[in-house]
Every structure is written in structure tokens, then in C-alpha cells.
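Reading through the C-alpha cells given below for one structure.
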Amino acid sequence: MKKRRLFSKSILFRISVFCVLTGITISALRANRLHQVCAQEEKQTKQTSQTKPLKRANSSGKLEQLKPKSSKVFADFIRELKTLCQESREQTLKRRQTASDFRNFDEELAIFRKSLGSSAPSWERYLKLSLLNITIKEDSPDVSLLDSAIEKLSPRRRDMQRPVFVRFREALEEQRGLILSPPKIQKQDSDEEITKFFDELPNLIESHLNAPDNSTTEEIAEAIAYLESHCRAEKLLARLRERFLKPNLWIQAKPSILSPVFQREINEPVTVNDNILGTAVRGSGQLTGNVDATFAESNDSAIIRVIMEGLLETKTVGSNGPVRVQSSNSSTTKTTKEIIISQNAITTTAAKTKAKLTSHVDNVNYTRDNFLVRTFAPGQIQERKPVTNAESERLTERRLNQRMDQAVDARVGKINQRWKELDSENESGESPLRVFIETLSTTENELNFRGVIGGRRQLTTSANAPTLKSDADVFVQIHQSLLDNAGTCELGGKTFAEEQALEELKKRFPKIAEKLIGDKSENEAALIITFANSPVNIAFNDETIIANIETTAIKRGDVSYPGLRFVFQFRIENENGKIRLVVKEQPEAFPIGFDTERDQLSVSETTIRAIVNKRLKKIAKEPIELKEFTIEGEDGAIALTPVHFSAKDGWLNVGLKLKAKK
């Protein structure tokens with residue numbers, strides 16, 4: 001991950017992003033890593049004062065305390081939790097006593113070989129079982145061998161649905177999971193500490209359900225992160241995720257999103273240098289055609305099927321002894337290759353090409369002109385033509401398979417390398433956000449993603465996203481907790497200087513930066529702002545967007561001021577095909593916990609509030625129209641046009657149309 005830019009951390013940038021909500025959406029989507037394990041952050045120091053109750057902005061923008069619920073409502077859940085904790089504790093302790101994580105695989109391999117009977121040797125060679133058994137136990141196993149065997153045993157093939165193949169495929173997938181995400185139970189975690197963790201977890205959760213506050217929220221989030229990285233308690237972890245890590249990002253995409261990325265025309269020269277049944281064949285030609293992509297059926301991953309249909313026309317000369325044959329060849333080809341996006345990585349299948357060749361003999365020359373050659377050569381050429389054409393088709397298929405594999409695998413390799421870098425950043429604690437994919441599937445007509453994005457110490461208890469229909473290529477539904485989480489990870493407890501942020505802001509949003517700088521005096525001291533630990537609170541409801549940002553201290557020159565809460569309110573308008581954000585109420589800054597009807601401002605509060613309000617009002621005078629924006633890539637740019645924008649029941653719903661931009 002690139003180091004965080006200063007402008008993205010500044011209060012003024014965040015304010016401008018809330019004004020330009022499309023920017024928020026893009027920033028949030030860019031935070032969606034295809035795979036990030038929990039960040040290894042250092043434990044934050046517990047607050048010595050009484051914990052602040054959890055709050056949520058209501059439809060008017062006022063922060064309200066969440067009402068605690070009776071523990072009786074959750075009695076069944078707590079009983080279930082205690083049972084799962086007991087089972088998980090026993091499994092974890094037993095696992096620590098196992099000498100090798102791969103003992104079960106040895107047993108499964110023996111069962112598989114025995115079940116195959118007399119066909120075992122051929123399956124041994126096909127699946128490379130001996131190599132698999134060796135590499136699994138190495139310090140750096142070759143995961144590609146596992147991926148290849150799993151793909152060969154794919155349940156999409158009818159002959160692979162027999163119980164013997166299903167069981168062994170599951171054993172391979174288990175080993176792959178152990179390699180990519182091994183259990184990290186530390187040596188310093190004694191049996192007593194593990195027992196204590198599982199015994200105390202139900203009590204912690206019951207306490208939180210009765211009276212939720214920030215302290216127990218962090219403890220439960222840390223417990224889930226501990227289970228994710230240290231224990232293999234799948235049932236318990238799934239239940240906790242279901243209850244406390246509900247999806248806050250839903251994405252539905254149509255196959256049309258693939259065209260701007262994959263669709264292109266092919267028109268390139270081809271050189272032929274083959275040996276066909278002892279005949280040296282040389283020549284050149286042209287490959288023309290089209291590349292496109294679509295989705296393929298999958299319940300547990302996203303499968304993109306890349307398809308290249310083309311026409312290969314060549315002129316060749318085949319030399320064998322005294323005979324030289326000049327031919328014109330035309331092959332219709334279809335090459336397919338699948339890209340599989342899963343929870344852990346992106347993999348590919350081997351390209352497969354089907355070619356149909358038609359060949360015409362243009363001329364036959366003889367290096368030795370005698371009666372025997374002229375008599376027998378033409379007949380032999382015609383007799384061998386079917387075999388020669390079949391071999392030519394095979395070589396053409398191999399050539400196009402290599403071309404497709406090289407082109408696609410090179411790009412996928414770069415993505416997977418970036419994936420590993422992200423994992424490394426997570427391990428080192430550089431990346432504060434994590435991604436948990438709950439659902440990732442494709443049909444021929446749609447891709448569906450549902451996941452949780454947040455920091456290690458955050459929970460997401462969102463309701464289901466509202467069901468809406470849209471003709472957009474991509475329809476994204478973002479829960480308000482996603483932006484709360486991102487704000488906490490990026491800003492929580494941090495301090496930023498204004499001047500550096502404004503310089504960066506000018507590069508990205510020059511018009512907004514110009515308004516913010518405006519009539520600011522050259523001698524006017526810059527602001528230095530410190531954010532609260534949970535600084536961002538967003539509310540999406542009734543076509544209204546409300547953003548609250550809390551700071552704990554603001555410094556101007558040598559003078560320190562108390563923290564403020566910034567409030568922004570926008571209304572979404574859809575008229576005549578145009579989407580606009582209109583200021584519902586002018587943004588203002590208030591002291592934390594300030595009641596306008598009861599409290600009075602101090603001198604310092606009045607001063608800093610006047611300074612900040614003056615700047616805020618510069619950026620929210622005119623409606624903001626959401627227009628087409630562009631994402632640049634290695635192979636060109638893609639234009640995205642908002643066609644749907646709404647706020648309902650805590651969710652921001654965004655529909656985008658995509659097209660390639662030349």
C-alpha cells in the first residue's frame with residue numbers, strides 16, 4: 001500500500017470530500033482490498049475515565065445514545081455461544097498437541113489411492129500426488145501444484161462428483177488453507193490463557209449486549225481478530241461474524257463492466273516455424289479477431305471467462321526431401337481462459353483453444369525433377385493431408401494457448417504480488433483496514449459481492465441493504481458504518497497541519513482549495529487539528545446525508561482551543577437525469593456536547609468557532625452536480641457516470657455506467 005497522503009488525512013480534505021460525496025464513494029471503494037487479513041496494530045491504551053456510550057446520528061444530525069437491550073432477548077444466543085466456546089477451546093488445545101498439521105493429509109492420500117484401485121497409477125501421474133505430498137511439507141510449498149490438482153478435481157465436471165473425488169478435493173482445499181492462512185497460536189499463549197479466553201468471551205459479549213459501549217466494542221472486535229489469526233474455531237468465528245460483523249458493502253455488477261477492461265480487436269502478424277510429421281513448415285500470416293469476457297457460474301468465487309475468437313490466415317512453404325509445397329491456410333479459432341477471484345488470491349486456468357483448419361495447396365515444386373517424384377508425390381500429399389491438417393490445428397491451438405496464458409497470467413501475477421504486499425503491510429500494522437468477504441459469486445448475468453470493511457477494533461451491525469432496482473453496470477450499496485470505520489482508521493486520534501493539506505488539496509480539488517484559501521491573510525496562522533478517537537459519524541436516510549466530524553483540540557499559532565464537532569447536511573436531488581447534492585443546512589462547528597438551548601460559549605470557543613465557520617461556509621454555497629469521472633489504468637481509462645444516487649435506511653446506494661475512454 002502506498003503511504004497515506006497528507007491531504008487525505010486533513011480535516012479540510014475530509015470536509016471537502018463530504019461535500020463532494022462522489023469522492024467519498026471512490027475513497028471508500030479503493031479501501032476495499034480483494035484480500036486483507038486483520039491488521040496487527042498495537043493495543044491502544046485504555047481510557048481511564050468512564051467509557052463514552054455508543055452514539056449514532058439521527059435523521060436531524062443530532063447524536064443520540066443507543067439504548068441498551070435486555071439480556072433476556074439474547075439468552076439463546078449466549079447459551080449457543082457458551083457451547084461453541086467450549087467446543088472451540090477443546091479443538092484449539094487438541095490442535096496444539098498435534099505434532100504435524102499435515103498428518104490428516106497423509107491419511108486422506110492413502111484412502112484416496114486405495115479407493116482408486118487399479119487406476120491409481122494413472123491418477124498418480126495426472127494429479128502429481130507424489131510431488132503434492134512432498135511440497136505440502138516444505139517450508140515454502142508450491143501452491144500452484146495444489147491449485148492445479150484442485151482445478152482438475154473441479155465439481156463442475158460431472159465425472160469429478162463421485163464421493164472419492166469430492167473427499168480428496170476437500171482435503172486439498174484444507175491443506176491450501178493451512179498454507180495460505182496457518183494458525184498462529186503463539187508459544188507464549190499458554191493452555192491456561194487460551195482456556196481463560198474462551199471462558200470469558202461469552203460473559204464479555206453478554207455484558208456488551210446488555211449495555212453496549214466503546215470499551216466492550218473494542219474488546220469484542222479484538223476477540224474476533226484473535227480468533228481470525230490465532231485459532232481455527234470456524235463455527236464460533238462464523239457465528240460472531242454473523243452477529244457482530246454484518247456486511248456494510250454490497251456490490252452487484254453486470255457482465256457489461258468487463259467490456260471496457262477486456263474488449264478489444266486483434267490484428268497482428270504471426271510467424272510460422274513448425275515441424276509437421278517430419279516436414280519443415282515456414283511462413284507468415286495475420287491473426288484477426290476480438291477479445292471479450294463474461295461471467296461464469298460459481299457459488300464461492302467470482303469467475304471471469306476471457307474469450308478470444310479469431311481468424312488465422314497464413315501462407316506457408318513445407319519442405320520434405322525433393323518436394324516443396326506452397327499452401328494457403330485459414331483457421332477459425334476460439335480460445336477461452338478463466339480468471340478465478342477467491343477469498344485468498346486470484347488464480348487462472350490453462351487456456352483452451354479449438355481450431356478448425358482449411359488448407360489449399362497453391363503450388364508444388366520439385367528439387368529433383370524425375371518420373372518417380374512426379375508420379376507418386378501428388379498422391380502422397382493428398383493422402384497425408386488430413387493428418388497434416390490435424391497436426392497443424394494442434395500446433396495452432398498450442399500457439400494461441402501460449403499467447404493467452406502469457407498475456408493473462410502476467411497481469412494476474414502482478415495483482416497477486418500486490419496482494420502479498422498488502423498482506424505484509426497488514427502483518428506489520430501499516431494497514432489499519434481489513435476486509436472480510438462474506439459472499440463472492442457469479443452467474444452468467446451478474447457478479448455479487450457482500451463483505452465487511454473496517455478496522456480491527458470496529459464492529460458492524462448493519463441491517464440488510466434495501467432492495468433496489470437499477471439499470472447500472474455497477475450498483476454499490478455502502479452502509480454508513482463503512483465510512484465511520486474508514487474515518488476512524490484514517491483520522492482517529494491523529495494530528496494534522498492545515499498548510500500541507502491545502503497544498504495537496506490544490507492538486508486534487510483546485511476549485512475547493514481555492515475557496516478554502518480564498519481571502520485568507522498571508523499572516524494568518526495555520527490550524528493544527530487533533531481528531532477524536534472515533535471522529536466520523538455518518539447518517540444516510542430519507543435522501544439526506546449527514547456527516548459529523550469530531551476533533552479534540554485545535555491549535556492556531558501558539559494558542560490552543562477546545563475541540564469542535566463539524567456538522568454537514570446535504571439533500572440528494574434527482575431531476576431531469578441530473579444528480580445533485582444540495583446543502584440542506586449550512587455547515588457549522590459546535591463545541592463537543594454543546595446544547596444550543598442550554599449552554600453558553602466561552603471566549604475561546606467563540607473565537608475558534610468563528611474562524612472555522614467562516615471557512616466552512618466558503619465550500620458549501622452551491623449545489624454539487626455528480627458528473628462523469630475517469631479512472632486511469634495501465635491499458636487506458638474507464639469513464640464512470642452516476643445514474644443512481646440515493647440514501648435510505650443507513651445505506652448510500654450508487655449506480656454507475658461504465659465505458660472505455662480513448
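Values reported hereafter were calculated over all heavy atoms of this structure, with side chains retained and with hydrogens, waters and symmetry mates removed. Given the structure is predicted, the values throughout are model-derived calculations rather than measurements.
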Distance, nearest 0.5 Å, that separates [atom1] of [X] from [atom2] of [Y]:
X: F112; Y: R169; atom1: CZ; atom2: CZ; value: 11.0 Å
X: I340; Y: I346; atom1: CD1; atom2: CD1; value: 11.0 Å
X: E268; Y: L312; atom1: CD; atom2: CG; value: 10.0 Å
X: R162; Y: L153; atom1: CZ; atom2: CG; value: 11.0 Å
X: T349; Y: I339; atom1: OG1; atom2: CD1; value: 9.0 Å
X: I251; Y: L447; atom1: CD1; atom2: CG; value: 8.0 Å

Would [X] and [Y] count as having a side-chain donor-acceptor pair, cut-off 3.5 Å?
X: K657; Y: T641; answer: no
X: S256; Y: S259; answer: no
X: T348; Y: D409; answer: yes
X: T335; Y: T353; answer: yes
X: N329; Y: T316; answer: yes

Quick check: do [X] and [Y] have side-chain heavy atoms less than 4.5 Å from each other?
X: F475; Y: L468; result: yes
X: I266; Y: T288; result: no
X: T396; Y: T333; result: yes
X: D292; Y: T294; result: no
X: E242; Y: K246; result: no
X: K315; Y: V272; result: no
X: H479; Y: P247; result: no
X: S392; Y: I276; result: yes

Salt-bridge present ([X], [Y]; N to O < 4.0 Å):
X: D274; Y: R282; answer: no
X: E391; Y: R394; answer: yes
X: K254; Y: E446; answer: no

For [Y], is there any backbone N or O sitting under 3.5 Å from a side-chain donor or acceptor partner on [X]?
X: Q477; Y: P466; answer: yes
X: Q480; Y: F540; answer: yes
X: S298; Y: I303; answer: no
X: K494; Y: C489; answer: yes

Notebook entry, point to check: Is there any salt bridge (Lys or Arg N to Asp or Glu O under 4.0 Å) pair reaching into residues 122-131, and which pairs are they, with sequence neighbours excluded?
Noted result: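 Output for this query lists R113-E124.
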Margin query: Listing request: all salt bridge (Lys or Arg N to Asp or Glu O under 4.0 Å) pairs with a residue in residues 300-314, at least two apart in sequence or in separate chains.
Written below: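 Every pair satisfying salt bridge (Lys or Arg N to Asp or Glu O under 4.0 Å) with a residue in residues 300-314: R305-E338.
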Quick one: closest heavy-atom pair of [X] and [Y], and the distance?
X: K337; Y: A350; answer: NZ-CA, 4.1 Å
X: L172; Y: L132; answer: CD2-CD1, 4.1 Å
X: E397; Y: K354; answer: OE2-CA, 3.7 Å
X: E393; Y: A355; answer: CD-O, 3.6 Å
X: L357; Y: N389; answer: CD2-O, 3.6 Å
X: S330; Y: L311; answer: OG-CD1, 3.3 Å

Item checked: Non-neighbouring partners of F165 that pass ring-ring contact (aromatic ring centres under 6.0 Å, His included), sequence neighbours left out ->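 For F165, the residues satisfying ring-ring contact (aromatic ring centres under 6.0 Å, His included) (neighbours in sequence not counted) are W123.
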Item checked: Those residues that, when tested against F295, pass ring-ring contact (aromatic ring centres under 6.0 Å, His included) (two or more places apart) ->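 ring-ring contact (aromatic ring centres under 6.0 Å, His included) check on F295 returns nothing, list empty.
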Check: What residues, two or more places apart in sequence or in another chain, satisfy salt bridge (charged side-chain N to carboxylate O under 4.0 Å, His left out) together with E265?
Finding: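 Scan of E265 (salt bridge (charged side-chain N to carboxylate O under 4.0 Å, His left out), adjacent residues dropped) gives none.
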Notebook entry, point to check: Under the side-chain contact (heavy atoms from CB on, under 4.5 Å) test, which residues partner T460, sequence neighbours left out?
Noted result: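 Checked T460 against side-chain contact (heavy atoms from CB on, under 4.5 Å); matches are L245, N248, V452, S481, N485.
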Note to self: Around atom CG of N299, are there more than 12 heavy atoms from other residues, nucleotides or ligands closer than 6.0 Å?
What the structure shows: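 Open.
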